[in-house]
Protein chains: 2
Amino acid sequence: MRCDVIAVGTELLLGQIVNTNASEIGQMLAENGIDTYKQVTVGDNRERIVAEISRALEAADALIVTGGLGPTHDDVTRDAVAEVMGVELKRDDAVVERIKQIFRDRNREMSDTNLRQAEVPQGATVIAQRIGTAPGLICPVDNKVVYLIPGVPDEMREMMSRAVVPDLLERSGNRSPIVSRMIRTFGISESKLAELLGDHITDLDNSDDATIAFLANVTRGVTIRVTAKDPLAIDKEEKRIRDVADEWIYGVDGDSLESVVAELVVARNVSLGVAESLTGGSLAARLVNVPGASDWFRGGIVSYASDVKFDLLEVPEGPVVSEKAAIAMAEGACRVLKSDIGLSVTGVAGPAEQEGQPVGTVFVGVSIDGKSSATEMHLAGTRERIRESAVSSALNALRKHLLKI
Amino acid sequence: MRCDVIAVGTELLLGQIVNTNASEIGQMLAENGIDTYKQVTVGDNRERIVAEISRALEAADALIVTGGLGPTHDDVTRDAVAEVMGVELKRDDAVVERIKQIFRDRNREMSDTNLRQAEVPQGATVIAQRIGTAPGLICPVDNKVVYLIPGVPDEMREMMSRAVVPDLLERSGNRSPIVSRMIRTFGISESKLAELLGDHITDLDNSDDATIAFLANVTRGVTIRVTAKDPLAIDKEEKRIRDVADEWIYGVDGDSLESVVAELVVARNVSLGVAESLTGGSLAARLVNVPGASDWFRGGIVSYASDVKFDLLEVPEGPVVSEKAAIAMAEGACRVLKSDIGLSVTGVAGPAEQEGQPVGTVFVGVSIDGKSSATEMHLAGTRERIRESAVSSALNALRKHLLKI
């Protein structure tokens, strides 16, 4: 099953927004074992959208088209798909009713323009809208299929997991309730994982039981996708992987390092505060992205200037890229933010070395119940990548400490 | 002049990294008045790369291809372009020498694999590499041109501005030294700007003097691009725009809200500290992205829990989404971080209202020389968008205050 992706929107071509949908959809397809060979971005131009959809359907079995489903005259994706299907658009009463209801709920006046969003190509199936006003559409084209979904990330994500992925799996003949499991690791490379699993990978390649694949994200770790028809086979594979790689596995499926840290913190009924230097606020920002963070996240100190470390966090005078400083920062976070647990990160993002420490040197400190320790690590890449990797590494270090209490 | 874009990389299709290059290149082309109608992403597969390049050249005059220029066997972009050109690859001695020099500078051993990066299609012009080991390539295909540049963002950016954009401008017949100016605004909509400029836009459309275009970024403001053959005409246009819209203009060309704030802070020889709540560290993170931030940025307090606001920042007990709280937070930042200036942001990112304040309500506080004030604003969109807009709004509020001292 090959499913390609088309994003519609002149604002994407002009670089006014970043196409994060492309990577999210790519990831969802990869995680579900659906191949994707091409992604295209086109502007809000009916003729060019028609041409790209037709061209993509020559090679792909299915096509996801995002964007251009708004209510205004330059939202022409519906019209373009109807043209490819060779059908007319027809107003759908159920969609109209939901749009009206959304406006009533928000106490807002609906203009007739909004009813453009209720226009459905004849023969298409509606994916009822739940977040925004635009419905999704499943449009058959000969023996292939085009999914139209809104470009707004929240709406895209919700419709992809509720309707598009399940429909793709069904069409690909994969009807088993559990089709795959994502095993999330951090701190180990793809090649090292492959080495640990050794001959087993070859054995699997020659069997029908299960397949495994590696998906690497440069700052967030390697994910192992296990796919099988029988849920029991997936459990068996997960066990086998955990037997050799458990220390690097932080979660499965929708887990992220920050969501796992949040779960551990909540289960232990403790609060968390952070102190960060080279990451400049990104560690705190990643933690507040977890829904409900206000229940356990006290806050953070961005001690960018060295004497903020000395004065506010009581870091002893001396090198600030050091084990000692990381420990004092973690303890300082607990004291200043009145948190049970303190997490800190200090290091050299570059471009130049600092205190004789090379670029990429990072110390992560953890303080729990008055017991503190720090870990030294060496990260690679650009300034931005070192910062992001430092945030992930700090979250992973805290996770490991939390598992011990 | 139409220039389309192809990104090569299986990791992009699988969503392992976000294709930020696409939006950056789109923006650079738009800012230089070069049309782009299509962006494509393909995997590391020679046959498909060849097919996409050939197809793109049917419609576009020029093509930028990023990625797949690494040293390993799955980096096949060079081979694919040579195939499209109908020529052989040939080792370029000057490129070899620079690669060897880079390895010597880093005290690292070079393996022969790296010499793959010195393979150049016959007839192509080399863009000498300065950051990484891969050179860029300008490849003529009949009367059209394909630019090959590395996918690493730093390297892409540097080669785009040094070589690709100037070459595109020359080919498009636009050889004047200053071709366009970007006038950066914040806090005003595209339609309001168009209204302020009124008939003048129509006048320009009917003249040869200059053209103006609006480029909107949803959380970072609207940019006005002025293009003219004569630099004096650009100055004249900028003056005319400033006459009606000066209060919203924060900079030109490469300026960002944070870089302008940094310049103003440096010029006044003061230091800055921030206190933030709903933005959770993103305000500080955006400030540390400015090169040299350690000279003037003291740090930040992420006061996520209300009692961190009360205890550490001495916010008076009471509603924390309020003018009073924003002022106390800004003053608290100065006190705790020992900074001359304090900037704060507190508000409701959603999903639910807070203290009876609707989602999107944000207060920004500024404290300078003991004088403090706060501004109330109402932002729209998702949780993420409200956070990003709140950061931009806070930076803009500080900018306005700095202009007065």
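Every heavy atom of this structure was used, including side-chain atoms; hydrogens, water molecules and symmetry mates were not. Below, read A as the first sequence line, B as the second, and so on, with proteins coming before strands; counting in each chain starts at 1.
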S.K.: Heavy-atom distance under 4.5 Å to chain A: side chain of A293(B), backbone, both or neither?
M.R.: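 Both backbone and side chain.
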
S.K.: Does the side chain of V5(B) reach to within under 4.5 Å of the side chain of T41(A), using non-hydrogen atoms?
M.R.: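 No, too far: nothing below the 4.5 Å cut-off.
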
S.K.: So, taking the atom named OG1 in T10(B) and the one named OH in Y37(A), what distance separates them when rounded to the nearest 0.5 Å?
M.R.: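 These two atoms lie 9.5 Å from each other.
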
S.K.: Select one option (side chain, backbone, both, neither) describing which atoms of R298(A) are under 4.5 Å from chain B's heavy atoms.
M.R.: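 Contact with chain B is through both the backbone and side chain of R298(A).
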
S.K.: Answer with side chain, backbone, both or neither: which region of E52(A) has an atom nearer than 4.5 Å to a non-hydrogen atom of chain B?
M.R.: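 Looking at E52(A), just its side chain touches chain B.
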
S.K.: What pair of heavy atoms forms the shortest contact from Q39(A) to L12(B), and how long is it?
M.R.: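 Minimum heavy-atom separation between Q39(A) and L12(B): OE1-O, 4.4 Å.
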
S.K.: Please look at L13(A) and chain B and tell me whether the side chain, the backbone, both or neither of the residue comes under 4.5 angstrom of a heavy atom of that chain.
M.R.: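 The answer is both parts of L13(A).
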
S.K.: If we define contacts as heavy-atom pairs under 4.5 Å, which of G43(A), S303(A), S282(A), S294(A) has the most with chain B?
M.R.: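 The answer is S294(A).
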
S.K.: Tell me whether D154(B) is salt-bridged to R383(A), with the criterion being a basic N under 4.0 Å from an acidic carboxylate O.
M.R.: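 So D154(B) does not pair with R383(A) through a salt bridge.
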
S.K.: What residue in V40(A), L278(A), V152(A) has the most heavy-atom pairs under 4.5 Å with chain B?
M.R.: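 Top option by heavy-atom pairs under 4.5 Å: V40(A).
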
S.K.: Listed by residue number, which members of residues 334-350 of chain B have a heavy atom under 4.5 Å from any heavy atom of chain A?
M.R.: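 Interface residues of residues 334-350 of chain B: V336(B), L337(B), K338(B).
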
S.K.: To the closest 0.5 Å, what do you measure between OG1 (T382(A)) and CD (E155(B))?
M.R.: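 If I round to the nearest 0.5 Å, the distance is 10.0 Å.
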
S.K.: Assess whether atom CZ of R385(B) is packed by more than 12 heavy atoms of other residues, nucleotides or ligands within 6.0 Å.
M.R.: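 No, CZ of R385(B) has 12 or fewer neighbouring heavy atoms, counting only those of other groups under 6.0 Å.
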
S.K.: Heavy-atom cut-off 4.5 Å, strictly under: side chain, backbone, both or neither for R220(A) against chain B?
M.R.: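 Neither part.
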
S.K.: What distance separates L29(B) CG from L14(A) CG, expressed to the nearest 0.5 Å?
M.R.: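 If I round to the nearest 0.5 Å, the distance is 9.5 Å.
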
S.K.: Report, as yes or no, whether the 6.0 Å neighbourhood of atom CD on E355(A) holds more than 12 heavy atoms from other residues, nucleotides or ligands.
M.R.: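 Yes, the 6.0 Å shell around CD holds more than 12 heavy atoms from other groups.
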
S.K.: Give me the atom names and distance for the closest heavy-atom approach of S23(A) to V18(B).
M.R.: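 For S23(A) versus V18(B), the nearest heavy atoms are OG-CG2, 3.4 Å.
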
S.K.: Measure R387(B) against the heavy atoms of chain A and call it side chain, backbone, both or neither at under 4.5 Å.
M.R.: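 Side chain only.
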
S.K.: Identify which of E276(A), E11(A), E384(A), R48(A) forms the greatest number of heavy-atom pairs closer than 4.5 Å to chain B.
M.R.: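 Highest number of pairs under 4.5 Å: R48(A).
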
S.K.: Is it the backbone or the side chain of D295(B) that comes under 4.5 Å from a heavy atom of chain A, or both, or neither?
M.R.: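 Looking at D295(B), nothing touches chain A.
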
S.K.: Over all heavy atoms of both residues, which pair between G281(B) and A285(A) is shortest? Give the atoms and the distance, please.
M.R.: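 What the structure gives for the nearest pair is C-CB, 4.4 Å.
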
S.K.: Less than 4.5 Å apart, side chain to side chain, heavy atoms only: is that true for V288(B) and Y304(A)?
M.R.: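 Sidechains of Y304(A) and V288(B): in contact.
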
S.K.: In Å and rounded to the nearest 0.5 Å, what is the CD1 to CG distance from I301(A) to L312(B)?
M.R.: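 Nearest 0.5 Å value for the CD1-CG distance: 5.5 Å.
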
S.K.: When heavy-atom pairs shorter than 4.5 Å are enumerated against chain B, which of K38(A), Q27(A), E31(A) gives the highest number?
M.R.: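 Most pairs with chain B among the choices: K38(A).
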
S.K.: Sort out for me which of A305(A), G299(A), G280(A) touches chain B most, counting heavy-atom pairs under 4.5 Å.
M.R.: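 Counting heavy-atom pairs under 4.5 Å, the top option is G280(A).
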
